[in-house]
Visitor: 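Next up is a structure, given as structure tokens.
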Amino acid sequence: MHHDVIIVGAGPAGSAAAITLAREGVDVLLIDRERFPRDKVCGDGLLPGSIKLLNQLGLADHFQSAGFNQINRALVISPEDKALAIAMNPREADTAFYIAPRYEFDAIIQQQAVMAGARFLRANVHYPLIESGRVKGVEVIQSGIKKSYRSRCLIGADGSSSTMAKILAPKTHNRRRRILWRRGYITGLEFDHRQVEFYFLKEIAPCGAWIFPVSETSANIGLGQYLVDYDPRKQSLNDLLAMFLKHPRIRPRLHNDYAITNRRSWYYHLAGWRMPAVAFDGAVLAGDAASFLDPFSGEGIHNALHSGIIAGEIISRALETGDCSRQRLMKYQARCQREIYRIIRRSLLIRKSYELFPGQVEKWFERINMPTSLAHKFFNRISTNFEFTGA
Ligand SMILES: Cc1cc2nc3c(=O)[nH]c(=O)nc-3n(C[C@H](O)[C@H](O)[C@H](O)COP(=O)(O)OP(=O)(O)OC[C@H]3O[C@@H](n4cnc5c(N)ncnc54)[C@H](O)[C@@H]3O)c2cc1C
């Protein structure tokens, strides 16, 4: 079984790559171990940058008809309980921020990849087939049987636990940069369903906790902690979630019969200062497999879609020339460096300053809250999608 391109993982990165390639007439095999729709541990926040990419992929109508909850403001709370109010920037015409449960959202893109012509295969990929240093396809377990699928080029888009990255770029997924998360859906909590809430908490610093409404009655709730700081014998992620619910801004809004359903844990790796290798002989890595998550906000869907689209564009041209060597695919590495990693490094700088000087965060909150302060003016100038309005 031979294909032009095999894509491992049908999340946002893999499906965006599959749509881009299949529309160019490329023969694509899209493999995922899950049957879609499937859940994915996430905050479900789709920020304006992602919406722009979905429009670029021609998915605006499918997305709009899903009726996801639209957000127009955010409340950010500091460890000392200072509040920062943020509104969607009224100067930007097409700003939209949705909470889109991944169970539904990922199924929309995966289905569009199939509609565009990609063949979907449900199978667990064990490892890439490597011959003379070149990736030639994958070995999978399908219904308990081992099978090989060969390709001219491979995209590893298999998320933060990526088998492809472990083999092709073993240093990318560093345990010291691993963050564990617990996510659930809460009912029986009063909230403004047009507003997301984000909390910096001392107990889990520099990680945070959130409440992201998916409807008028249910919200995605969660928090995380660095693996190196996590000791489940002292405090499990469930204990931390229970502590979060006792926060003075949350407890009074909690009904006696509140419930958190669909609790699940997952992890991801923060990017380092240097961009990891993402281009190899006959293969590239995209999305979380390449650690392309924003290290400050934790937003990863945008970079997953973006890197998937770039991979699709570069590989489609590479196939035309018959050259999928690492040298040729370095064009992908270069575009990711320019279009994705520059912003990742900026966010990493913000994260590191918070990690090194956690007390400073209170001063940032004060300064940004003063409309006359330079920090307030500066942030509102650089941010195209949001505007600090003062709490
Ligand atoms: C707790 C948490 C909250 C988050 N909140 C947000 C948020 O609000 N907004 C945001 O933008 N981002 C958020 N993110 C990040 C976001 O979830 C990821 O960046 C995004 O899902 C990356 O997409 P992807 O396509 O690279 O990988 P994934 O979405 O993880 O998709 C990978 C796919 O690969 C498949 N796969 C894995 N291994 C194999 C294998 N061996 N064989 C076959 N298939 C395989 C999986 O089944 C999966 O379908 C959050 C992440 C976490 C953990």
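Start at 1 and go down the list; that is how both ligands and their atoms are numbered. Each residue takes its place number in the sequence, starting with 1.
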Visitor: State, without any angle test, whether Asn262 and Tyr103 hold a side-chain donor-acceptor pair at a distance under 3.5 Å.
Guide: no
Visitor: Return yes if a side-chain donor-acceptor contact under 3.5 Å exists between Asn238 and Ser236, otherwise no.
Guide: no
Visitor: Check Ile7 against Leu21 and note the closest heavy-atom contact, atom names and distance.
Guide: CD1-CD1, 4.2 Å
Visitor: Counting each atom of ligand 1 from 1 as listed, which ones have a heavy atom of Thr163 under 4.0 Å away?
Guide: 41 (N)
Visitor: Does Ser160 come within less than 4.0 Å of ligand 1, judged by its heavy atoms?
Guide: no
Visitor: For Pro12 and ligand 1, answer yes if some heavy atom of the residue is under 4.0 Å from a ligand atom, otherwise no.
Guide: yes
Visitor: Under 4.0 Å between a side-chain nitrogen and a carboxylate oxygen: does that hold for Arg152 and Asp4?
Guide: yes
Visitor: Using non-hydrogen atoms of the residue, decide whether Phe292 is closer than 4.0 angstrom to ligand 1.
Guide: no
Visitor: To the nearest 0.5 Å, what is the distance between CG (Leu129) and OG (Ser148)?
Guide: 5.0 Å
Visitor: Under 4.0 Å, heavy-atom basis, I'd like to know which part of Trp210 is in contact with ligand 1: side chain, backbone, both or neither.
Guide: side chain
Visitor: Report, in ascending order of atom number, the atoms of ligand 1 lying under 4.0 Å from any heavy atom of Gly287.
Guide: 26 (O)
Visitor: Donor-acceptor check, side chain of Arg351 to backbone of Pro295, threshold 3.5 angstrom: yes or no?
Guide: yes
Visitor: Let's go through Asp39 and Arg264 carefully: what are the C-alpha distance in whole Å and the side-chain angles of both, what is the deciding distance for salt bridge (charged side-chain N to carboxylate O under 4.0 Å, His left out) to 0.1 Å, and is it a yes or a no?
Guide: CA-CA 10 Å; Asp39 185 25; Arg264 281 183 61 202; 3.0 Å; yes
Visitor: Which is it for Asp158 and ligand 1 at heavy atoms under 4.0 Å: side chain, backbone, both or neither?
Guide: both
Visitor: Which of the numbered atoms in ligand 1 are below 4.0 angstrom from a heavy atom of Gly9?
Guide: 33 (C), 34 (O), 35 (C)
Visitor: Could you tell me whether Cys42 approaches ligand 1 through its side chain, its backbone, both or neither, with non-hydrogen atoms closer than 4.0 Å?
Guide: both
Visitor: Looking at Glu313 and Arg317, is any side-chain nitrogen of the basic one under 4.0 Å from a carboxylate oxygen of the acidic one?
Guide: no
Visitor: Would Ile301 count as being in polar contact with ligand 1, using the rule that some N or O on each side must be under 3.5 angstrom apart?
Guide: yes
Visitor: Minimum distance, heavy atoms only, to atom 26 (O) of ligand 1: which one of Asn303, Asp294, Asp288 is it?
Guide: Asp288
Visitor: Please state which part of Ser50 comes within less than 4.0 Å of ligand 1, counting heavy atoms only: side chain, backbone, both or neither.
Guide: neither
Visitor: I'd like to know whether ligand 1 has Arg102 as a neighbour, heavy-atom separation below 4.0 Å.
Guide: yes
Visitor: Counting each atom of ligand 1 from 1 as listed, which ones have a heavy atom of Ala123 under 4.0 Å away?
Guide: 42 (N), 43 (C)
Visitor: Please work out whether any backbone atom (N, CA, C, O) or any side-chain heavy atom from C-beta onward of Ala157 is under 4.0 Å from ligand 1, and answer side chain, backbone, both or neither.
Guide: backbone
Visitor: Would you say Glu34 contacts ligand 1, with heavy atoms under 4.0 Å as the rule?
Guide: yes
Visitor: For a quick test of reading the model, state the closest non-hydrogen atom pair linking Gln110 to Ala10 and the distance between them.
Guide: CG-CB, 4.0 Å
Visitor: Can you name the one residue among Arg253, Arg73, Arg249 that meets salt bridge (charged side-chain N to carboxylate O under 4.0 Å, His left out) with Glu197?
Guide: Arg253
Visitor: Starting from atom 28 (P) of ligand 1, what is the nearest protein heavy atom, named by residue and atom, and what distance separates them?
Guide: Lys40 CE, 3.9 Å
Visitor: Measure the distance from atom 10 (C) of ligand 1 to every protein heavy atom, then report the residue, atom name and distance (to 0.1 Å) of the closest one.
Guide: Gly300 N, 3.3 Å
Visitor: Given Ser78, which partner from the list Glu366, Glu362, Lys363 fulfils the side chain to side chain contact (heavy atoms under 4.5 Å, CB included) test?
Guide: Glu362
Visitor: Write out the residue and atom name of the closest protein heavy atom to atom 25 (O) of ligand 1, then the distance separating them to 0.1 Å.
Guide: Ala13 N, 2.9 Å
Visitor: What's the shortest heavy-atom distance between Leu30 and Ser15, and which atoms?
Guide: CD2-OG, 4.1 Å
Visitor: Heavy-atom distances under 4.0 Å decide this one: backbone, side chain, both or neither, for Asp44 against ligand 1?
Guide: backbone
Visitor: Do Tyr268 and ligand 1 have an N or O pair less than 3.5 Å apart?
Guide: no
Visitor: To which protein heavy atom is atom 27 (O) of ligand 1 closest, and what is the distance rounded to 0.1 Å?
Guide: Gly159 CA, 3.6 Å
Visitor: Can you list the ligand 1 atoms lying under 4.0 Å from a non-hydrogen atom of Gly45?
Guide: 7 (C), 8 (O), 9 (N), 10 (C), 11 (O)
Visitor: Who's the nearest protein heavy-atom neighbour of atom 31 (O) of ligand 1, and how far?
Guide: Gly11 CA, 3.6 Å
Visitor: How close do Glu24 and Thr20 get, heavy atom to heavy atom, and via which atoms?
Guide: CG-O, 3.4 Å
Visitor: Ala304 heavy atoms, cut-off 4.0 Å: which ligand 1 atoms fall inside?
Guide: 22 (C), 23 (O), 26 (O)
Visitor: When you measure from the side chain of Asn303 to the backbone N and O of Ile340, does any donor-acceptor pair fall under 3.5 Å?
Guide: no
Visitor: Measure across Leu254 and Tyr258 and return the closest heavy-atom pair with its distance rounded to 0.1 Å.
Guide: CG-CD2, 3.6 Å
Visitor: How far is atom 40 (C) of ligand 1 from the closest protein heavy atom, and which atom is that?
Guide: Asn124 OD1, 3.6 Å
Visitor: Backbone, side chain, both or neither: what part of Leu293 comes under 4.0 angstrom of ligand 1, heavy atoms only?
Guide: side chain
Visitor: Just by distance, do the side chain of Ser132 and the backbone of Arg134 share a donor-acceptor pair under 3.5 Å?
Guide: no
Visitor: Note the single closest protein heavy atom to atom 3 (C) of ligand 1, along with its residue, its atom name and the distance in Å.
Guide: Gly43 N, 3.1 Å
Visitor: Return yes when Arg38 approaches ligand 1 closer than 4.0 angstrom through a heavy atom, no otherwise.
Guide: yes
Visitor: What's the shortest distance from atom 33 (C) of ligand 1 to any protein heavy atom, and which residue and atom give it?
Guide: Asp32 OD2, 3.4 Å
Visitor: Which bit of Arg183 is near ligand 1, meaning a heavy atom under 4.0 Å away: side chain, backbone, both or neither?
Guide: neither
Visitor: Centres of the Tyr98 and Phe63 rings: under 6.0 Å?
Guide: yes
Visitor: Closer than 3.5 angstrom, by distance alone: can the side chain of Ser347 be matched with the main-chain N or O of Phe296 as a donor-acceptor pair?
Guide: no
